[in-house]
Amino acid sequence: MKAVAIDLDGTLLRTGATFDTDRFERVLDACLAQGVHVVIASGRQYLSMKKMFARPDLLAFVSDNGAVVVDVDAEQVRVATVEPEVLAHAVALVDEHAELRAVASGPDGAWLRKDSPKIMIKAMHSAYENVGMVDSLTQIDGPVVKLHLITHEGQSWRLAEQLSASLDEHLVPVTTGHQGIDLIVPGRHKRWGLQALLDRWDVDWDDVVAFGDSGNDVEMLAAAGTSYAMAKAEESAIAVATHRAGSNEEAGVLVVLEDLLGIS
């Protein structure tokens, strides 16, 4: 094991977006002592992800489902942006679905429509940093790396399939749970982001241990030499993982890593 890649929601994080920070820090110390790189790979925005950890400069990050890649000491490695005309087409499609709400995410901030429901505005201000309010998501004054869509419980797979047929492969829908869909640049998934880090570190995929639970983890789990789908993982993640881990509610990731590192 030379690198560990860990998803956040449904994987490291419990319900309520919390985790055992003291236990994680012990695992991080053991990884660093044994020469193991630790990567947090999530659909979340980098600016918000790094605030969740006590020592973010010791971690690498693959954020926005692969679009933004940051090495240790906050060194930006890669950014994959959405072309303006592609964004405009995607926004028009999303606007046709009354059950969808969208937030545009970028390396430096995020944007919401001013007419978004108050509950969504509050939630997105908690989930993202530097949130701007705009009349339309086509009126954004910065680079966009993905669109995050929120829908009703249990509808993400159906809507992802519908959107996929209309996006003409300019953006790819990936599920991020029962209510979430990310529209990402084709090929710019978590595996792509991790590849940039592995190349820098001269680490092979056979030496990677990865943890995930959703459709946006599939490429990463399939590529890793050892991969764990969480106890409540989606079938797409289970199908490609080499192992199963316990529940995120019971620190399943940390249990496995403690065993692999010999610190149980």
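All values below come from the heavy atoms of this structure, side chains included, with hydrogens, waters and symmetry mates left out. Keep in mind it's a predicted model, so treat the numbers as computed, not measured.
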Just verifying a value: how many Å separate Ile184 CD1 and Leu171 CG, rounded to the nearest 0.5 Å? 8.5 Å
Is there a donor-acceptor pair under 3.5 Å between the side chain of Ser227 and the backbone N or O of Ala222? no
Between Asp71 and Arg200, is there a side-chain N and carboxylate O pair less than 4.0 Å apart? yes
To the closest 0.5 Å, what do you measure between NZ (Lys2) and CD (Gln34)? 13.5 Å
Please name the pair of heavy atoms, one in Thr138 and one in Ser136, separated by the smallest distance, quoted to 0.1 Å. OG1-OG, 2.8 Å
Check: Arg113 side chain, Met133 main-chain N or O, donor-acceptor pair, under 3.5 Å: no
So CG of Leu183 and CG of Leu149: to nearest 0.5 Å the spacing works out to 4.5 Å
How close do Arg44 and Ser63 get, counting heavy atoms only, and between which atoms? O-CB, 3.2 Å
For the side chain of Thr151 and the backbone of Leu100, is there at least one donor-acceptor N/O pair under 3.5 Å apart? no
Salt bridge (charged side-chain N to carboxylate O under 4.0 Å, His left out) assessment of Glu219 paired with Arg188: CA-CA 10 Å; Glu219 292 85 359; Arg188 302 307 186 249; over 6 Å; no
Tell me, yes or no, whether the heavy-atom count around Asp199 atom CG, taken from other residues, nucleotides or ligands under 6.0 Å, exceeds 12. yes
The test is ring pair (Phe, Tyr, Trp, His ring centres under 6.0 Å); show your working for Tyr46 and Tyr128 and say whether it passes. CA-CA 9 Å; Tyr46 167 65; Tyr128 289 86; over 10 Å; no
Sidechain-backbone polar pair: Arg244 side chain, Ala231 backbone, donor-acceptor under 3.5 Å: yes
Output for pair (Asn130 CG, Ser105 OG), nearest 0.5 Å, gives 11.0 Å
Shortest non-hydrogen contact from Val256 to Tyr228? CG1-CZ, 3.5 Å
Return the set of residues passing side-chain contact (heavy atoms from CB on, under 4.5 Å) with Val208 (not counting sequence neighbours), or none when no residue passes. Ala3, Leu198, Val203, Trp205, Ala224
Which is it for Asp95 and Arg101 under the salt bridge (charged side-chain N to carboxylate O under 4.0 Å, His left out) test, yes or no, and what are the steps along the way? CA-CA 8 Å; Asp95 287 346; Arg101 299 290 180 175; over 6 Å; no
When you measure from the side chain of Lys50 to the backbone N and O of Asp57, does any donor-acceptor pair fall under 3.5 Å? no
For the pair Leu8 and Met49, evaluate side chain to side chain contact (heavy atoms under 4.5 Å, CB included) and give the outcome as yes or no after the intermediate values. CA-CA 9 Å; Leu8 287 179; Met49 287 167 64; 4.0 Å; yes
Arg78 (side chain) donor-acceptor with Trp192 (main chain) under 3.5 angstrom: yes
OG (Ser214) and CD (Glu234) are apart, to the nearest 0.5 Å, by 4.0 Å
Side chain Lys190, main chain Ala41, donor-acceptor under 3.5 Å: yes
For Val185 and Ala80, which heavy atoms make the closest approach, and how far apart are they? CG2-O, 4.3 Å
Would you name the heavy atoms of Pro186 and Val172 that are closest together and state the gap between them? CA-CG2, 3.8 Å
For Glu129 and Lys51, what are the C-alpha separation, side-chain angles and deciding distance, and is it a salt bridge (charged side-chain N to carboxylate O under 4.0 Å, His left out)? CA-CA 10 Å; Glu129 296 293 312; Lys51 293 183 67 176; 3.4 Å; yes
For the residue pair Thr11 / Asn248, report whether a side-chain donor-acceptor contact shorter than 3.5 Å exists. no
Spell out, as yes or no, whether a donor-acceptor pair under 3.5 Å connects the side chain of Asp20 to the backbone of Arg23. yes
For residues Ile140 and Ala104, report the shortest heavy-atom separation together with the two atoms involved. CD1-CB, 3.6 Å
Value rounded to 0.5 Å, distance of CZ in Phe61 from CG in Leu47: 10.5 Å
